[in-house]
2 protein chains.
Amino acid sequence: MNGKTLSPVDWSLVRAFLAVADTGSLSGAARRTGVSQPTLGRQVRQLEAALGQRLFDRQPRGLAPTDTARALIEPARRMQAAMSEIELTAAGRQTELSGPVRITASDMVALHVLPPILAELHTAEPGITVDLVASNASENLLFRESDIAVRMYRPRQLDLVARHLGDAELGMFAARRYLDRAGRPRSVADLGQHSMIGYDRSEEIIRGMQARGLAATHDWFALRCDSHPVYWALVRAGCGIGFGQATLGRADPAIEEIDLGLDLPVLPVWLATHRSLRQTPRIARVWDALAAGLAPWLS
Amino acid sequence: MNGKTLSPVDWSLVRAFLAVADTGSLSGAARRTGVSQPTLGRQVRQLEAALGQRLFDRQPRGLAPTDTARALIEPARRMQAAMSEIELTAAGRQTELSGPVRITASDMVALHVLPPILAELHTAEPGITVDLVASNASENLLFRESDIAVRMYRPRQLDLVARHLGDAELGMFAARRYLDRAGRPRSVADLGQHSMIGYDRSEEIIRGMQARGLAATHDWFALRCDSHPVYWALVRAGCGIGFGQATLGRADPAIEEIDLGLDLPVLPVWLATHRSLRQTPRIARVWDALAAGLAPWLS
DNA sequence: GTTTTTCCATTCATATATGAAAATTACAGC
DNA sequence: GCTGTAATTTTCATATATGAATGGAAAAAC
């Protein structure tokens with residue numbers, strides 16, 4: 001285990017090293033980077049040979065970093081940061097009103113709100129291609145995993161430009177079909193007799209209800225689902241009463257709003273991008289399209 | 001000229017970018033990096049495509065960086081520095097008393113002094129392989145272009161460990177053959193009647209002689225050569241009187257020292273390595289061998 | 001104790017990147 | 001105006017790296 005040659009080390013191996021160190025396994029790193037697992041394994045081995053040091057202990061559950069690897073993570077991160085700066089600086093200096101733009105949005109927004117906005121944008125600017133990442137995980141704008149993010153909270157990362165577009169109201173909804181069958185609740189107390197749809201792992205509805213004086217627990221719900229789009233499909237299918245964005249529910253003829261005077265929280269909607277990209281023509285164009293297109297959904 | 005894909009950029013392209021930016025041409029960068037020039041050209045193009053920016057203006061005399069390229073050089077250097085830190089940290093944690101060690105020395109020292117030292121070292125430590133770079137240019141110890149440097153001046157770079165081994169005396173010498181034919185100078189004035197061997201571009205001897213009151217000019221010399229080893233071969237072949245390291249001349253039976261009472265300068269001899277490597281077993285072993293082996297040559 | 005899951009290593013066909021040599025280009029000097 | 005020089009680009013055979021599929025091993029789940 002010693003570098004027998006004194007040849008320069010391929011910088012791209014460090015990227016593989018970081019991905020493996022971050023995820024703790026070759027397979028995980030492969031999923032995250034899009035590079036295949038055998039390739040990552042070979043690259044790690046190659047880096048170990050080049051540095052003359054074992055970097056990971058191969059274990060059944062993954063690769064555990066050695067002391068040496070731990071010592072190398074910090075400079076590797078600096079490399080990554082510098083690489084990001086290169087990409088962002090270069091992208092920020094682009095002047096064409098065309099090219100790819102990657103947008104991150106929650107799966108709910110991506111599924112129900114963005115498609116018409118992007119359709120219109122594509123008609124107006126056919127040169128701009130959009131990569132839409134529907135994910136509730138916050139992609140890292142600093143590493144250019146995304147160019148523009150639509151978020152339901154105030155972004156707090158450094159070097160970001162963020163704009164508060166407005167607030168998305170929440171409402172309580174059920175399918176007309178369901179209400180015709182199960183009856184329309186007239187008070188908060190009536191809810192106890194209804195099928196409520198909730199989340200499985202997330203506790204947000206439960207906490208919200210409890211804060212409003214309802215004795216909600218995990219078992220209070222007849223049906224639970226963690227996927228927002230599927231959750232919403234359950235509501236539309238008449239599985240019971242659920243919560244969702246007010247604009248979405250009110251625009252849906254199959255659905256009826258249930259107003260019991262609860263003051264439901266509102267979700268702030270933010271647009272965010274990296275400071276280097278804000279003035280880039282095609283990014284600015286998409287930014288404006290999103291801001292304009294989202295406005296009718298917000299209050 | 002716009003990145004049509006949004007795929008991650010290969011980090012190793014930045015190394016090519018830096019080499020080209022530093023040398024100002026693909027050919028120069030190829031010479032410096034050991035990568036072929038067509039490959040570098042392709043890598044630069046590839047980086048330009050990935051970043052969506054032209055980085056160089058192709059000119060007949062080389063590649064001139066664009067404004068964008070100039071903006072990217074600084075983060076690229078940070079990447080390079082971080083990569084160096086990775087390599088140095090990893091190398092510094094190696095514990096085996098074997099592996100490659102790259103030594104830089106002036107061509108004179110490499111040719112006349114180091115061979116016996118390295119021969120003995122190799123006998124004692126066959127696991128250590130040595131890359132000897134005979135070059136008067138100072139390789140960059142920070143970027144691990146060399147592990148140990150033997151230098152005739154005090155190294156001043158940051159993060160270096162340096163040790164002053166002693167001083168190499170200079171002397172005035174000529175081949176016995178030459179002196180038998182042309183006579184032995186008894187005074188400084190006699191030198192005017194002799195064939196003096198000097199440097200072509202370097203003025204060091206001229207300045208040294210002038211400082212000692214001799215009316216030396218470029219034309220004072222009958223023969224000039226910039227290569228130290230060739231210069232010394234000229235002296236040994238009886239072409240005339242020249243200057244060289246005292247220990248070298250005195251050990252040579254074909255050569256006679258000419259002592260006219262001039263107080264010639266001495267050259268300080270330094271050993272230098274990166275701080276991270278000083279304690280590494282095989283580096284320390286070579287360091288010690290060099291220190292011990294060079295001692296007899298110095299005063 | 002058996003099954004299932006999760007992960008890493010290997011194999012082999014394919015895609016990609018590389019280098020040597022030749023072709024090309026544009027200036028500089030005479 | 002021609003030639004020489006020093007660069008880049010192109011071409012093509014070769015070397016290298018990659019991914020899909022497979023095999024294998026060790027924990028976790030039942």
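Chain letters run A, B, ... following the sequence lines, proteins first, then strands; residues in each count from 1.
- By the side chain to side chain donor-acceptor pair (under 3.5 Å) test, Asp131(B) pairs with no residue at all, sequence neighbours left out.
- Partners of Thr39(B) under the side chain to side chain donor-acceptor pair (under 3.5 Å) rule, at least two apart in sequence or in another chain, are Ser36(B).
- A donor and an acceptor atom, one from each side chain of Gln94(B) and Thr280(B), are nowhere located under 3.5 Å apart.
- Note on Thr39(B): a side-chain N or O is less than 4.0 Å away from OP1 or OP2 of dG19(C).
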Any N/O pairs under 3.5 Å between the protein and nucleotides 7-9 of chain C? List them or say none.
residue, atom, partner, partner atom, Å
dC8(C), OP1, Leu26(A), N, 2.7
dC8(C), OP2, Leu26(A), N, 3.1
dC8(C), OP2, Ser27(A), N, 2.8
dC8(C), OP2, Ser27(A), OG, 2.5
dA9(C), N7, Gln37(A), NE2, 3.1
dA9(C), N6, Gln37(A), OE1, 3.3

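- Side-chain atoms of Thr66(A) and Arg54(A) include no donor-acceptor pair closer than 3.5 Å.
- Residue Arg42(B) contributes atom CZ, which lies 12 Å from atom C1' of dT8(D) at whole-angstrom precision.
- More than 12 heavy atoms of other residues, nucleotides or ligands sit less than 6.0 Å from atom CZ of Arg151(A).
- Taking atom CG on Asp10(B) and atom P on dA17(D), their separation rounds to 12 Å, with Å as the unit.
- Atom CG in Leu40(B) sits roughly 11 Å away from atom C1' in dT18(C) (whole-Å rounding).
- Counted by atom type alone, Thr23(B) and Arg32(B) present zero donor-acceptor pairs between their side chains at under 3.5 Å.
- Remark on the helix from dG1(C)-dC30(D) to dC30(C)-dG1(D): inter-end axis angle 30°, axes from five-pair C1' superpositions, rounded to 10°.
- With Arg102(A) contributing its side chain and Glu145(A) its backbone, the two residues share a donor-acceptor pair below 3.5 Å.
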Exercise for the section: Could you walk me through whether His122(A) and Val130(A) pass side chain to side chain contact (heavy atoms under 4.5 Å, CB included), step by step? Expected result: CA-CA 9 Å; His122(A) 181 65; Val130(A) 170; over 6 Å; no
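- One can place CD of Gln46(A) at 14 Å from C1' of dA17(C), the figure rounded to the nearest angstrom.
- Aromatic pair Tyr199(B)/Phe221(B): centroids not less than 6.0 angstrom apart.
- A side-chain donor-acceptor contact under 3.5 Å links Tyr231(A) to the backbone of Ile197(A).
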Expected rows: protein N/O vs nucleotides 2-4 of chain C N/O, under 3.5 Å:
none

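- Residues passing the side chain to side chain donor-acceptor pair (under 3.5 Å) test with Gln37(B): none are found, sequence neighbours excluded.
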